Amino acid sequence: MNLGTIGVWSLAFTHGDRGEAREAAAELEELGYGTLWLGGNPGGNPSGDLATAADVLDATDRVTVATGCVSIWERPAARLAASYHALPAHQRARLLVGLGVSHAECVDRYQRPYAALAGYLDELDAASPPLPAAARIVGAHGPRMTRLAAARTLGVHPYLVDVSHTARARYELDPASLLATEQTVILSTEPETARNQARTMLAPYLRLANYREAWRRMGFDPRDLAHGGSDRLVDALFAHGTPEEIAARITKHAAAGADHIALQVVTAHRSLFARTAWRELAAALC
């Protein structure tokens, strides 16, 4: 499955107007992006029975379409596998199913996430027919989850991480495993304006223990996580500036070992398609 080097990650595909989702997907394909990531909220299941993915696949011809990510607590493995195989073969060839363990703050029955994910992957393997390992990826951050993903799936899709995390994840993965890093982006040349937008978007994630632990492993301390996030944290997690400045951050992720970088443009509302920004970024990156 070819993801290309640059993709687009957007909540609008799962929360926005269905007609515009199809139009935007077709345009993004023409702009040269390699993968369209259908984003979901923390703890949420973004794609139901893959109906949204089917819509986007139907509107495009070449791009890979990926879910980012289906919660293993919300979608039984056998049902997910059945939804996958309900799609025609030519669409399945371009579909990457992103899986995540979500968060204790979002799931009542949350416990032993590593064991839960391993068991879920077992169930996907045992489904009739199974959901192939090469068609799934894990939204992993920690080293154990990353190694599990490398052994059982195409690779990992880290979210809201810095370049140092990309380098550490590459070290944990075998050379054949895919490292598809999400990079959040704000097209603003005013640093304080960009940081204010970043903090609004970051607020719900700061309450989630899994993210706080991931940022601790990156070298951030409790002071960085207080009061909406320090400038140091925000500037590490968010690329802001001109398209050329954002391209420089993408180059750093690639140099650190990322195979693919999914760009999430911060918008005022999750249903908004950042089509102007996507065009500007495509001119610098695609």
Side-chain angles (χ1 to χ4, degrees), residues 1-9 13 25 29 33-40 45-54 56-58 60-72 75-101 114 116-159 166 169-182 254 257-262:
M1 191 175 300
N2 181 16
L3 275 70
T5 304
I6 307 296
V8 163
W9 195 107
F13 286 115
E29 180 174 71
Y33 291 102
T35 300
L36 307 183
W37 293 83
L38 314 183
N45 179 14
S47 56
D49 283 329
L50 301 182
T52 302
V56 176
L57 287 162
D58 187 57
T60 56
D61 297 312
R62 302 179 303 277
V63 295
T64 296
V65 176
T67 61
C69 288
V70 174
S71 169
I72 66 170
R75 186 63 48 194
R79 183 173 171 183
L80 181 63
S83 297
Y84 173 84
H85 285 286
L87 299 174
H90 71 276
Q91 290 192 350
R92 296 199 303 272
R94 294 192 287 122
L95 176 61
L96 182 60
V97 181
L99 304 169
V101 297
Y114 180 92
L117 177 61
Y120 194 88
L121 295 173
D122 289 343
E123 291 178 33
L124 289 178
D125 290 340
S128 183
L131 201 164
R136 59 202 194 203
I137 193 168
V138 175
H141 292 90
R144 289 186 73 219
M145 286 287 195
T146 297
R147 290 192 293 268
L148 176 63
R152 304 288 303 277
T153 76
L154 192 62
V156 294
H157 174 51
Y159 181 88
T166 297
R170 185 74 271 168
Y171 177 80
E172 296 291 345
L173 293 165
D174 62 69
S177 292
L178 179 75
L179 176 52
T181 300
E182 180 269 352
D259 302 297
H260 172 86
I261 300 95

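Quick caveat: nothing in here was measured; it's all calculated off a predicted structure.
By the 4.5 Å heavy-atom criterion applied to side chains, Leu80 and Leu50 are counted as neighbours. Side-chain contact between Pro158 and Leu179 is present, with heavy atoms from C-beta onward closer than 4.5 Å. Side-chain contact between Leu121 and Arg136: present, with at least one pair of heavy atoms (C-beta onward) separated by less than 4.5 Å. Leu99 has its side chain out of reach of Arg75: every pair of non-hydrogen atoms, C-beta onward, lies at least 4.5 Å apart. Side-chain contact check for Ile261 versus Thr166: every heavy-atom pair is 4.5 Å or farther apart.
Across all non-hydrogen atoms, the minimal contact from Thr146 to Ala169 is CG2-O, 4.2 Å. Contact record, Tyr84 with Ala135: OH-CB, 3.5 Å, taken as the closest heavy-atom pair. Smallest separation of non-hydrogen atoms from Pro130 and His85: O-NE2, 2.6 Å. When all heavy atoms of Leu178 and Leu173 are compared, the pair lying nearest together is O-CD1, 4.2 Å. For Ala66 against Thr35, the heavy-atom pair with the smallest separation is CB-CG2, 4.1 Å. The two residues Ser177 and Ala150 have their closest heavy-atom pair at OG-CB, 3.4 Å.
Remark: Thr153 OG1 to Leu117 CG distance equals 8.5 Å, nearest 0.5 Å. The line from NE2 of His260 to CD of Glu182 is 10.5 Å long, rounded to the nearest 0.5 Å. Taking CG of Leu131 as the start and CZ of Arg92 as the end, the distance is 9.5 Å to the nearest 0.5 Å. In this structure, CG in Leu36 is found 12.5 Å from OG1 in Thr67, a value given to the nearest 0.5 Å. Thr64 contributes atom OG1, which lies 10.0 Å from atom CD of Glu29 (distance to the nearest 0.5 angstrom). To the nearest 0.5 Å, atom CH2 of residue Trp9 and atom NE2 of residue His157 are 6.5 Å apart.
Looking at Thr60 and Arg94, their side chains do bring a donor and an acceptor atom within 3.5 Å of each other.
Residue Tyr114 qualifies as enclosed at atom OH: its count of foreign heavy atoms under 6.0 Å is above 12.
A salt bridge is defined here as a Lys NZ or Arg NE, NH1 or NH2 lying under 4.0 Å from an Asp or Glu carboxylate O, and Asp259 with Arg170 meets this definition.
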Evaluate Arg152 against Asp125 for side chain to side chain contact (heavy atoms under 4.5 Å, CB included), listing each step before the verdict. CA-CA 10 Å; Arg152 304 288 303 277; Asp125 290 340; 2.9 Å; yes
